[in-house]
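Every value quoted in this text rests on a predicted model; they were computed, and no experiment measured them. Letters A, B, ... are given to chains in the order of the sequence lines, protein chains preceding strands, and every chain is numbered from 1.
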Amino acid sequence: MGLVIWGNAGCSPPAPHRTSCLACHKGIETVSPSHPECPGCHGGNDKQSGAKEAHRGMLGPRNPSDHRNWEKGCGPCHPYQLGRLRGSLMYTNTGMIRNIQLTWEGADGKLYATRGGDTFDATGKPLKLKPVEELDNLSGALYRKFCSRCHIGAEVGDSTGSSHAGGCAACHFPVNDDATYTGNDREMRNRKPYSATHRMEPLPPNQVCSRCHNRSGRIALSYQGLYDGNNGHVPTRSGQSGPVPLSGNRNAVHIAPDIHAAAGMECIDCHTSRDIMGDGYSYQNLYHQVEIACEDCHGGTAPPTYRVITGDGDEAVRESRGYKMQMRPGMAMVLTAKGRTYSNVFVKDGKVQVLGKRSGKIFTAKVVTGTPEHTVVGHQRLECHSCHSRTVVQCYGCHTTYDLRENGMDFITGEKSPGMFSETEDYRMLYPFPLAVNQRGRISAVTPGCQTFITVIDEEGNKLRNEDVAHFKGKRQLRFAPFFSHNTGKKAVGCRECHANPRFLGFGQHVIEGADIMGTLMCDKCPDKPLDGFLTMDDGRVRAFAAITREHSRPLNSGEVRRVFKVNLCITCHDKARDKDAIYAKKLEYRALDDTVHKRLLGRP
Amino acid sequence: MRWTTLYISACLVALNIGLGHAAENCRVCHRVEMAGAHRSLACLSCHVSESATVANPAAATGEAAPCNSCHRGFAAIFDHVMATRSRERAFADRSFTKVDPNFYRKNCNSCHLKGCLDCHQGGGHRIGTASADLCLNCHRGYFVGNDYFGRAPREDSLRYQRGKRFQGEYYLTMRPDIHAEKGLTCGDCHSMQSLAQGQKSAKECTDCHRISSRPVEHRIRAHLEKLECYACHSAWAPQEYGSFFLRFTDSPTREDFWLKWDETSGEYLRSAYLRKQDSPPLGLNARGRISPIRPQFIVYYTHIVRDRAEGRENQLLAAEWKAYFPHTIRRGTVMCDDCHDSPRRFLLESSQDRIYRLEEDGMTLGSFWDQRGQTVINGAFLPEARYRRLSARTNAFQKGYLEKWQTFVNRVDGSSSR
């Protein structure tokens, strides 16, 4: 996807000189001052004058950073980055494939990747990932024909707002909404799919992230304040589907953005390069690869920690080279949840400050450690986003059909084969959202992940499976997944709001009759169960009918549900946790209601 | 009801006596098998005369005169809203006429009473009582009817057009009204008499139900004095926020909207900004009681000519709410805080709680859950001062609240350690 031009090779940038490439590609943008020569990246022969001769032996020829070329293209100069990227989930998609397997056919003891290859596991042992081409079942087909477009091993050039290059260029050579070159090289202008210009972007803007992260969890949409629910294509924009058109016949409307986005922070201001490009180890889930947490900057039970830069060779110094402000020895760099340094977050004058990598703006993070509303006993079990998510996007009822009468494109092999996937949905929700126990044993927001109902139609039109619910953990059940929606607000979900509304516990929209919590939005397939929840309460008995994915995760049990509700006996009067109401500094004493003070206040005998 | 039955029986007896004298030639050609309540009637009892035969005696155009000759008084139904559609006409007049004078004719005219047989199943020769399915021919989609049987409209996007179908439309599966679950049907409350008299219903809740003082809520006097029963007992309600009417002229991009449509769609496509079906917002109805309200309608209009918007795009034509009775009654209700700590339910959402940013998308209103710029056509929004009063944590409130939650929590089994 990057464009051809400039000459010579090598890692230390020589002075630019005129080559034959510029005879045709007049006006093309310089990639960067450190990438002045064409053949250095593109190969080919810039001493030849004719296009045919000059282009002979080019890498790609369009995109030397594509995974098929990157050994020769970017790799020779950037082996550290390439080495990390090979094991990164953004390239392997191992987690995605594994999770599809877990929810459909079940795990087969092997680990797959988009392309397969050698890497290292989380403990540093050599690890062989099998190519997903060899996964010859429905999971494999779903990945190859549906999900695989969103990884950096594939180029997508025909998808409104979702196109991206393959390889390093996926992030570092941004495309515009219709993947058309609009730079100054007349030879290339209006050609597609190409990056918007030939200028490299060392620090990718949000739009780059949203090329892929606009489906499933949709974090890039939620972060920026966009919502593609209900998909009504209204309000229109210039007579077309609007207001923000997205790929796959979708549209988005504006919602409240994440508070960090509203302040001007971009995705990469929180996410380190290791979050995104990997740290050299191959993880099986994104939450293992991501090294940051809210508490890194805002503090949790303990305040943020930091490490002082001692020398010029420090990674934070090197990584911040392209930022508006470079880190220097002596600076106190804040540590990530994995104990490594951020390259843009530091402590200065006793404050945690975040440098906008692209903008150069300085943001101050409020440390909440020890504040009354954050020391409510029991709440140490909560993830920050359980209270601070403004919305959590929830897709209820994902109906996937695999129809073998039609041919579908396999984006891994690049060939069409029998079997086409299509999807319909029941209902989308933003607020309220359910909570459950996540892999860290913490209470976290959860979202359907996924409520897949699968239909398979054979060549003769027979339904081999009809709205089937897959097995998960040995049981035919739907699934929810712990999820940080990236739509953070300063104002938290209110105490009473969460404790007094069973929707937050996973009962779905409902009415309460005696000791029954009765869902009102029901599952088509099991009309006695709510579609938008995973718990029922029947005569006081709490039952879970769906699983929470990930290790050690589960819905709240009946004891916990009871405790959550019981808090209402206190909150209704003691509703000022932030004013340091002492009762929340220790375990709640419900028998206090029967003491003389309470009896007198309540006028009880 | 009883006098009607007696009266009808008397008519039938009179007709049967008359039959002996009439020489009917109809059956020489017309081999019609009669069944149902009218099986022993002579042809001309309904079709009037051999020389001036009334082809459709039950037609509204003739005020169903032959029917009315026995079923006296029932023809009055044709003077009321189901036949006149006066409310829908008035709505179209005050909202759409300025942008499309023929809007009502194009989009609203398919549901009106054309005659007795619209509701009475079996056709003229096998006539029966009115059936719920026939009621639902008109009372479909967003309108009250399908909610009673546990069906809520889905989003219009083809992505959401799936699942169970009823009379050609896809619906979400909801918990039905408890009366439906117990076998009661539309006519059990909406008697013919009541409809003919232009009333909505023959019965009110308290005609059948005694208000027990067992639930805490029923012992709170303000609840009994100020709330409709169905303000609490409506388990859910379909709500359509932002009803878009997209009018297409010479615009092939209509296909790209990926919205449901059928042969009757004509030049318009419909879509909604957002559909919900949880607890309905509350306001005041015509008799000043707190009642569910819902958008009916917050209408936007865009005319797309040759694939471009002509005139003002997404023009807000009306922002009207209606106090109404969702037919989703359950014994259970939501808990105290769902009203007493829920400004959004009264359209008093604060701007910092605003999730959907309508203004950024050029939709004129600040929020659907903000009273400003909107009206209730048959009632009023709850004044903010009144909301503040009802949400005050007074001593009386706390006592009721504690009793409610203690009763509930004590029944939640907390033993499981899963």
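- Both the backbone and the side chain of B:Arg159 come within contact range of chain A, judged by heavy atoms closer than 4.5 Å.
- When each of A:Leu602, A:Asp539, A:Asp524 is scored by its heavy-atom pairs under 4.5 Å with chain B, the top score falls to A:Asp524.
- Ion pairing between a basic and an acidic side chain is recognised when a charged N comes within 4.0 Å of a carboxylate O; B:Asp413 and A:Arg541 show no such pairing.
- Within a 6.0 Å radius of CZ in B:Arg393, other residues, nucleotides and ligands contribute more than 12 heavy atoms.
- No more than 12 heavy atoms of other residues, nucleotides or ligands shown are found within 6.0 angstrom of CZ on B:Arg308.
- Of the atoms belonging to A:Thr391, it is side-chain heavy atoms, and not backbone ones, that fall under 4.5 Å from chain B.
- No other option in B:Asp307, B:Val334, B:Asp156 has as many heavy-atom pairs under 4.5 Å with chain A as B:Asp307.
- Put simply, of A:Met429, A:Glu423, A:Arg390, A:Lys566, the one with the most heavy-atom pairs under 4.5 Å next to chain B is A:Arg390.
- A ring-centre distance under 6.0 Å is found for B:Trp369 and B:Tyr241.
- Using a 4.5 Å cut-off between heavy atoms, B:Phe397 touches chain A through its side chain atoms alone.
- With a threshold of 4.5 angstrom between heavy atoms, B:Asp278 approaches chain A through its backbone and through its side chain.
- Proximity to chain A (any heavy atom under 4.5 Å) is shown, for B:Phe257, by both the backbone and the side chain.
- Heavy-atom distances place no part of B:Lys404 under 4.5 Å from chain A, backbone and side chain included.
- Only the backbone of B:Arg275 comes within less than 4.5 Å of a heavy atom in chain A; its side chain stays farther off.
- Top candidate by heavy-atom pairs under 4.5 Å with chain B, chosen from A:Gly229, A:Ser238, A:Pro243, is A:Ser238.
- Contact annotation for B:Arg247: neither backbone nor side-chain heavy atoms come within less than 4.5 Å of a heavy atom of chain A.
- Between B:Tyr170 and B:Lys164 there is no side-chain heavy-atom pair separated by less than 4.5 Å.
- Listed options A:Gln240, A:Arg428, A:Arg250 were ranked by heavy-atom pairs under 4.5 angstrom with chain B; first place goes to A:Gln240.
- When each of B:Glu310, B:Arg354, B:Gln398 is checked for heavy-atom pairs under 4.5 Å with chain A, B:Gln398 comes out on top.
- Using modelled atom types, no side-chain atom of A:His510 and backbone atom of B:Thr333 make a donor-acceptor pair closer than 3.5 Å.
- Listed for the B:Ser251 side chain is no donor-acceptor partner under 3.5 Å among the backbone atoms of B:Arg254.
- Looking at B:Gln352, the atoms closer than 4.5 Å to chain A (heavy atoms on both sides) sit in the backbone and in the side chain alike.
- With a 4.5 angstrom heavy-atom cutoff, B:Leu172 touches chain A only via side-chain atoms.
- The most heavy-atom pairs under 4.5 Å with chain A, out of B:Gly163, B:Ala272, B:Cys336, come from B:Ala272.
- In this structure, chain A has heavy atoms under 4.5 Å from both the backbone and the side chain of B:Ile355.
- B:Phe368 has its ring centre no less than 6.0 Å from the ring centre of B:Tyr356.
- Aromatic pair B:Tyr300/B:Phe244: centroids less than 6.0 angstrom apart.
- Chain B forms the most heavy-atom pairs under 4.5 Å with one residue out of A:Arg237, A:Lys525, A:Arg563, A:Glu497, and that residue is A:Arg237.
- Interface summary for chain A: among B:Met335, B:Arg162, B:Glu155, the most heavy-atom pairs under 4.5 angstrom belong to B:Arg162.
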